[in-house]
Amino acid sequence: MQRCAASGQWLNERIALSRYAHVPLGNFELDWLIFTADTFFSRALCDSQQVLWISDGGLPDLGGINDEETCFLDEVHQPVLTYPGAYRKVTVELKIHHLAVDALLKSYQRCLADAVTSQNTYADAILQHLYRWLCSPQSKLHDPALHQLLQKVMQKVFALLLGEFRKLGATIVFANFSKIIIDTGKYDLDAAKAYCDSLLRTIQSRDLLELIELEPLQFWRSLLFMDQYNYGGIPAKSDESQVDIISSWNIAEYLPKKIQDHFIVIVSQFLYIPWSYAQKQAGNRASMLNGDSCTPSINIGAAEVLESEMIEYIKGQISSYFTDSLLRIVRDIVVHMKGASRSEDDPNSSSGLPQIEGDPHGGDASLEFIKHVCAVLALDQSVQHGVLVMRKNLLKYVRVREFAPEAEFRDPCHSFILSNVICSYCNDCRDLDLCRDSGLLSQEWRCGVAQCGQPYDREVMENTLVQIARQRERLYHLNDLVCLRCNQVKAAHLSEQCACAGSFRCKEDVTEFRSKMQVFFNIALRHKFQLLQECTSWILEIRL
């Protein structure tokens, strides 16, 4: 009944769209945005006397020419910049909008010039969904080569954007095509917000960046950052009486469940204790200067003094409080979990997540706890020496040498990123790590935008994963032979040795290929992708 009541307005909108696009009303397909973009692009190609490559299969119809490299062009890898560390000053997370539109229009491609100048709501909608159209295999004119070309232009604009941030004094914490996290260098929240506003106005005044919109999503008073799936922070809130600590540590999920809380508590204390000390010192300085307990803006000289005092305080806490606490926790782990197996039947000793293949020490809970905690605390470069001394003492307690191979921390989680997953409702584009994204691991396959939350199409994602797995299998079988000595690709088919007398080997050996396929198989098991599971199990020769 609701659809029936809204049919009059829907018909009027379709009539207006038909007049704008010069397309008969009954010819529009279900996804009118992609259909209209295809129509505009094909008209521009015809005006330039180009031959259309319309195809329903997602690959361009080039007259029977099948290039083996074509099928791999859609596997684009977006740049990701990560600078791990402890950022004790105010940081801000910025959402990037319209990077693809800015890259396309600033590179003087004319396929949507009419949509820019028309000031029409439909033209604006087409621009909003421009990147989805270029990525979507549902487009009749989809060409992976065009997608890759736009990626190169976007990388140039992205590098220019980061360069502008650095010129204006901002420190990059993390950056990809979707968001940027910067360190403002300010202790005071109001000063950080004013600096951020000034920064964004200056960047958007640049001619080549004027179409990019940067939206502040979150301010952090303190941030401990390893990567986008392993971080903790104290978010800035209007109500200072209540302090929240956000902990998002994917590596903690690979510890036994019984000691995951110990890890979160120690890391949270490492965030809160220095921040609380800095707040008290700033309050004391304010009361001495103004006779007022409120915290005023901190000038440069006072900020340097406060920073040096906080560093000395953290060093003292590492050598005393944190060392004592960790020794006590490790002692308890050794006593209570001695001999406990990490089988899935034991809910306390098992994490429920697979460990790194070939890691013989994955079952030692106390050792893994020491490695994980010390790796996170060492993110603060100002206390790295104290953390190394503490780590040495902790390893000595569990009878492991400091520089032994088993004492080295490695990220226990494999990673596979599915690029350019676009929400069809709000047009949000993001890269999803199917092995580390907490929302996906809890079977919440929904858009990450707070105002949207629409479910993703799991069938489309599974089909994409199957296609990627089959493509990688084909690439493995087509893989070149290279010389072990000079690293040159084998050119003569019948020669048994290289001209330099070196032996040949496959560029990608079977161990590396099976490791990649095992990641797909684990994804299929974890997310219940039946078709992907059957495909990868056949490749790996696993009997189900």
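Atom set for the values below is all heavy atoms of this structure, side chains included, hydrogens, waters and symmetry mates excluded. Since this is a predicted model, take the numbers as computed values, not measurements.
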For a quick check under 3.5 Å, do Asp38 and Ser139 share a side-chain donor-acceptor pair by atom type? yes
From the list Phe270, Phe409, Phe263, side chain to side chain contact (heavy atoms under 4.5 Å, CB included) partner of Val373 resolves to Phe263
Once the angle between the rings of His142 and His147 is folded into 0 to 90°, is it parallel (under 30°), tilted (30 to 60°) or perpendicular (over 60°)? tilted
Does Asn479 reach the side chain of Phe513, with side-chain heavy atoms less than 4.5 Å apart? no
Distance-minimising heavy-atom pair for Leu379 and Pro84: CD2-CB, 3.7 Å
Atom pair CG (Leu52) and OG (Ser42), whose distance is rounded to the nearest 0.5 Å: 6.0 Å
Decide if atom CZ of Arg43 counts as having more than 12 heavy atoms of other residues, nucleotides or ligands within a radius under 6.0 Å. yes
Looking at Asp364 and Lys371, is there a salt bridge between them, counting it only when a charged N and a carboxylate O are closer than 4.0 Å? no
Any side-chain heavy-atom pair from Gln204 and Glu210 closer than 4.5 angstrom? no
Applying side-chain contact (heavy atoms from CB on, under 4.5 Å), run through Gln151 and Phe158 and close with a yes or a no. CA-CA 10 Å; Gln151 282 283 325; Phe158 182 67; over 6 Å; no
Hey, are the side chains of Leu367 and Val400 touching, using non-hydrogen atoms and a 4.5 Å cut-off? yes
For a quick test of reading the model, state the closest non-hydrogen atom pair linking Ser247 to Ile264 and the distance between them. OG-CG2, 3.9 Å
Set out, in order, the CA-CA distance, both residues' side-chain angles and the distance that settles side-chain contact (heavy atoms from CB on, under 4.5 Å) for Asn522 and Thr536, then state yes or no. CA-CA 9 Å; Asn522 293 340; Thr536 52; over 6 Å; no
Taking only residues at least two apart or on different chains, which pairs with a member in residues 151-173 satisfy salt bridge (Lys or Arg N to Asp or Glu O under 4.0 Å)? Glu164-Lys167, Glu164-Arg206
Within a strict 4.5 Å, meaning less than it, do heavy atoms of the Leu33 and Trp133 side chains meet? no
Taking atom types as modelled and ignoring hydrogens, do the side chains of Asp380 and Ser382 form a donor-acceptor contact shorter than 3.5 angstrom? yes
Quick check: closest heavy atoms across Gly502 and Cys483, and the distance to 0.1 Å? CA-SG, 3.8 Å
For the residue pair Gln467 and Asn463, confirm or rule out a side-chain donor-acceptor distance under 3.5 Å. no
Compare every heavy atom of Gly232 with every heavy atom of Leu271, then report the nearest pair and how far apart it is. CD1-C, 3.4 Å
Does any non-hydrogen side-chain atom of Leu432 lie less than 4.5 Å from one of Met461? yes
Determine, stepwise, if the pair Thr82 / Phe225 fulfils side-chain contact (heavy atoms from CB on, under 4.5 Å). CA-CA 9 Å; Thr82 304; Phe225 191 84; 3.7 Å; yes
Closest non-hydrogen contact found for Met390 with Leu377 is CE-CD1, 3.7 Å
Hey, can you pull the donor-acceptor pairs under 3.5 Å for the side chains in residues 172-179, sequence neighbours left out?
| from | atom 1 | to | atom 2 | distance (Å) |
| --- | --- | --- | --- | --- |
| Asn176 | OD1 | Ser178 | N | 3.0 |
| Asn176 | OD1 | Lys179 | N | 2.9 |
| Ser178 | OG | Cys429 | O | 3.3 |

Do Thr91 and Asp183 have side-chain N/O donor and acceptor atoms under 3.5 Å apart? no
Looking at side-chain heavy atoms only, is the closest gap between Trp249 and Val267 below 4.5 Å? yes
CD (Glu213) with more than 12 external heavy atoms under 6.0 Å: yes
Report yes if the side chains of Gln488 and Val482 come closer than 4.5 Å at any heavy-atom pair, otherwise no. no
Are any of the side-chain nitrogens in Glu541 or Arg514 under 4.0 Å away from the carboxylate oxygens of its partner? no
Going by side chain to side chain contact (heavy atoms under 4.5 Å, CB included), Leu418 matches just one of Asp433, Ile523, Leu465. Which one? Leu465
Would you indicate whether the side-chain heavy atoms of Asp411 and Arg436 approach each other to under 4.5 Å? yes
Residues Ser503, Cys498; criterion side-chain contact (heavy atoms from CB on, under 4.5 Å); working and verdict: CA-CA 6 Å; Ser503 301; Cys498 181; over 6 Å; no
Using every non-hydrogen atom in the two residues, find where Gln497 and Phe504 come nearest and quote the distance to one decimal. C-CE1, 3.4 Å
Tyr87 and Trp220: aromatic ring centres closer than 6.0 Å? no
Glu508 vs Lys516, test: salt bridge (Lys or Arg N to Asp or Glu O under 4.0 Å). Steps then yes/no. CA-CA 11 Å; Glu508 180 186 16; Lys516 291 180 180 179; 3.3 Å; yes
Within a reach of under 6.0 Å around CD of Gln381, are more than 12 heavy atoms found that belong to other residues, nucleotides or ligands? no
Under a 4.0 Å threshold between the charged nitrogen and the carboxylate oxygen, would Arg505 count as salt-bridged to Asp480? no
